[in-house]
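Report on one structure; see the data block that follows.
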2 protein chains.
Amino acid sequence: MSAETGADAAETAGRTRRRGQALLDAIYTAAVEEAAAAGPGRLTMDAIAKRAATARSTLYRRWADPVDLLLDALAALHPVEQPAPGADDLRGDLVASLRLMADWAFSPAGRAVMAIVADPGRDPAAVEALFERVFARRGGTFTKTVLHHYAEHGRIDAARLTPVVLDIGEALVTKRMMDTGADPGDDYLAAIVDQAILPAVGLTPDTA
Amino acid sequence: MSAETGADAAETAGRTRRRGQALLDAIYTAAVEEAAAAGPGRLTMDAIAKRAATARSTLYRRWADPVDLLLDALAALHPVEQPAPGADDLRGDLVASLRLMADWAFSPAGRAVMAIVADPGRDPAAVEALFERVFARRGGTFTKTVLHHYAEHGRIDAARLTPVVLDIGEALVTKRMMDTGADPGDDYLAAIVDQAILPAVGLTPDTA
DNA sequence: ACTTTAAGATACACGACTGTAGCTAATCAA
DNA sequence: TTGATTAGCTACAGTCGTGTATCTTAAAGT
């Protein structure tokens with residue numbers, strides 16, 4: 001008495017029993033997808049468990065509440081790709097870094113993060129934990145990495161790389177996504193670089 | 001048989017009966033405050049009714065669900081103050097318009113709107129309705145009003161007032177609020193104007 | 001092989017919110 | 001004053017999520 005007529009047992013769920021990392025990965029993925037789909041405000045242990053095809057008790061053994069779980073998930077998931085400023089192409093590298101950011105922001109993880117930080121009822125401690133655990137290990141923000149690289153090579157004035165300037169690209173991409181709900185196209189990213197970032201660092205698109 | 005020993009009846013609630021606009025105002029205020037406190041994801045008819053000191057059935061007579069109610073509330077509430085570009089002070093007017101925006105964004109209505117547009121599980125139709133009903137009647141965004149005013153007076157090149165440039169100020173204020181959770185100080189608003197907006201329209205803080 | 005661990009599957013009482021219904025009495029318009 | 005409207009109250013069944021507590025049996029470790 002084992003297999004028989006049972007349904008096709010979608011991807012071995014139910015008959016085999018996951019443990020350790022495989023189980024964690026499934027739970028983390030489920031948590032982030034659930035957060036991206038419903039928003040952290042509507043995130044429940046129940047929904048995560050269902051999506052991960054596990055039992056609620058399994059979740060309660062490790063985490064006290066859904067947000068706790070979600071923070072672990074965001075920290076554990078594959079880190080965001082890093083911009084790699086390469087050739088002598090400041091403008092191109094900036095556009096590419098914004099492309100990376102937009103792709104990430106549009107992923108389940110990015111949408112979950114955005115919803116967390118925009119949540120009015122957010123727990124300040126949770127946001128702080130999020131920044132520390134998810135972003136701390138990263139060198140910095142997307143355009144920041146690129147801008148600092150070119151500042152070190154003397155292409156732009158390091159004195160102009162203030163916190164405000166380093167935020168321009170990310171801020172505009174974020175706002176665009178909140179306004180339209182869609183991924184900004186490459187044309188828009190290029191416009192951000194040409195019309196906002198480059199002027200702020202004292203360059204024109206031609207001289208970049 | 002009327003007053004008797006009843007509790008002090010906080011601000012006549014319970015003994016008098018509100019109708020029409022007075023009741024609507026109370027409900028709208030409660031809805032926005034509730035949304036700002038809990039986030040639209042956690043917004044319930046029950047909580048709104050409790051906060052407005054009315055009965056759920058009163059709400060269900062008019063609205064089908066909490067978001068429906070919230071959209072009406074945001075549309076009905078006092079519109080956002082308009083920036084009034086005045087003297088020949090572009091920089092000062094820009095800072096003032098960002099101050100207006102920050103104050104609004106930090107109000108219950110602003111936080112509710114921010115949470116709605118950042119909600120991953122948001123209903124696109126709701127967001128569209130929000131923009132149409134709440135923002136359409138306004139001339140435009142905060143810095144946009146100011147920038148167009150000075151463009152008409154020849155102070156800045158109208159060709160540079162692209163959608164991206166018109167969004168810079170609002171985007172940076174929004175991001176700052178999401179990052180810190182606090183109202184950006186006037187110093188930061190001035191930095192946004194000096195380091196991001198003015199360079200983008202082709203001016204330096206001195207020439208503004 | 002045997003033992004230990006813990007995933008998975010129940011079941012349970014509890015609370016919160018839902019949507020509907022019915023009643024009463026306050027408010028308004030005639 | 002009279003009648004129509006409807007705010008405010010109460011109750012209800014139903015659903016969903018919560019934590020906790022079992023029990024079984026796979027999947028490790030020895």
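Keep in mind it's a predicted model, so treat the numbers as computed, not measured.
Between Arg56(B) and dG19(C), a side-chain N or O to OP1/OP2 separation shorter than 4.0 Å is absent. Contact annotation: Arg62(A) reaches the phosphate of dA7(C) (side-chain N/O to OP1 or OP2, under 4.0 Å). Of the side-chain N and O atoms in Arg61(A), one or more sit less than 4.0 angstrom from OP1 or OP2 of dA7(C).
In this model, no side-chain donor or acceptor of Thr16(A) finds a partner on the base of dA27(D) within 3.5 Å. Not a single donor-acceptor pair, N or O on each side, falls under 3.5 Å between the base of dG8(D) and the side chain of Arg19(B).
Ion pair Asp93(A)/Arg99(A) not flagged as a salt bridge, since none of the NZ, NE, NH1 or NH2 atoms sits closer than 4.0 Å to an Asp/Glu carboxylate oxygen. One finds no salt bridge joining Asp46(A) and Arg51(A) here, because no Lys/Arg side-chain nitrogen approaches an Asp/Glu carboxylate oxygen to under 4.0 Å.
For the pair Leu59(A) CG and dT18(D) P, the computed distance is 10 Å after rounding to whole Å. When rounded to the nearest whole Å, the span between NZ of Lys50(B) and P of dG8(D) equals 16 Å. Rounded to an integer number of Å, the gap from Asp46(B) CG to dA11(D) P is 15 Å. Atom-to-atom, CZ of Arg42(A) to P of dT18(D) comes out at 14 Å; the value is rounded to the nearest Å. As a whole-Å value, the separation of Arg18(B) CZ from dA25(C) P is 19 Å. Distance, Tyr60(B) OH to dG19(C) C1': 6 Å, rounded to whole Å. Atom P of nucleotide dC17(C) and atom CG of Asp65(B) are separated by 16 Å, given to the nearest angstrom. As rounded to whole Å, 17 Å separates atom P of dA9(C) from atom CE of Met45(A).
With sequence neighbours excluded, no residue forms a salt bridge (Lys or Arg N to Asp or Glu O under 4.0 Å) with Asp25(A).
Both Leu23(A) and Thr44(B) sit near DNA chain C, but only Leu23(A) has its closest nucleotide nearer the 5' end. Projected onto DNA chain D by closest heavy-atom contact, Thr58(B) and Ser57(A) fall at different nucleotides, the more 5' of which corresponds to Thr58(B).
A donor-acceptor contact shorter than 3.5 Å links the side chain of Arg42(A) to the backbone of Ala38(A).
Residue contacts shown for Thr54(B) are limited to sugar-phosphate atoms, with no base heavy atom under 4.0 Å away.
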Next on the checklist: Could you go through Leu198(B) and Leu94(B), starting from their C-alpha distance and side-chain angles, then the distance that decides it, and tell me whether this counts as side-chain contact (heavy atoms from CB on, under 4.5 Å)?
Outcome noted: CA-CA 9 Å; Leu198(B) 290 180; Leu94(B) 280 174; 3.9 Å; yes
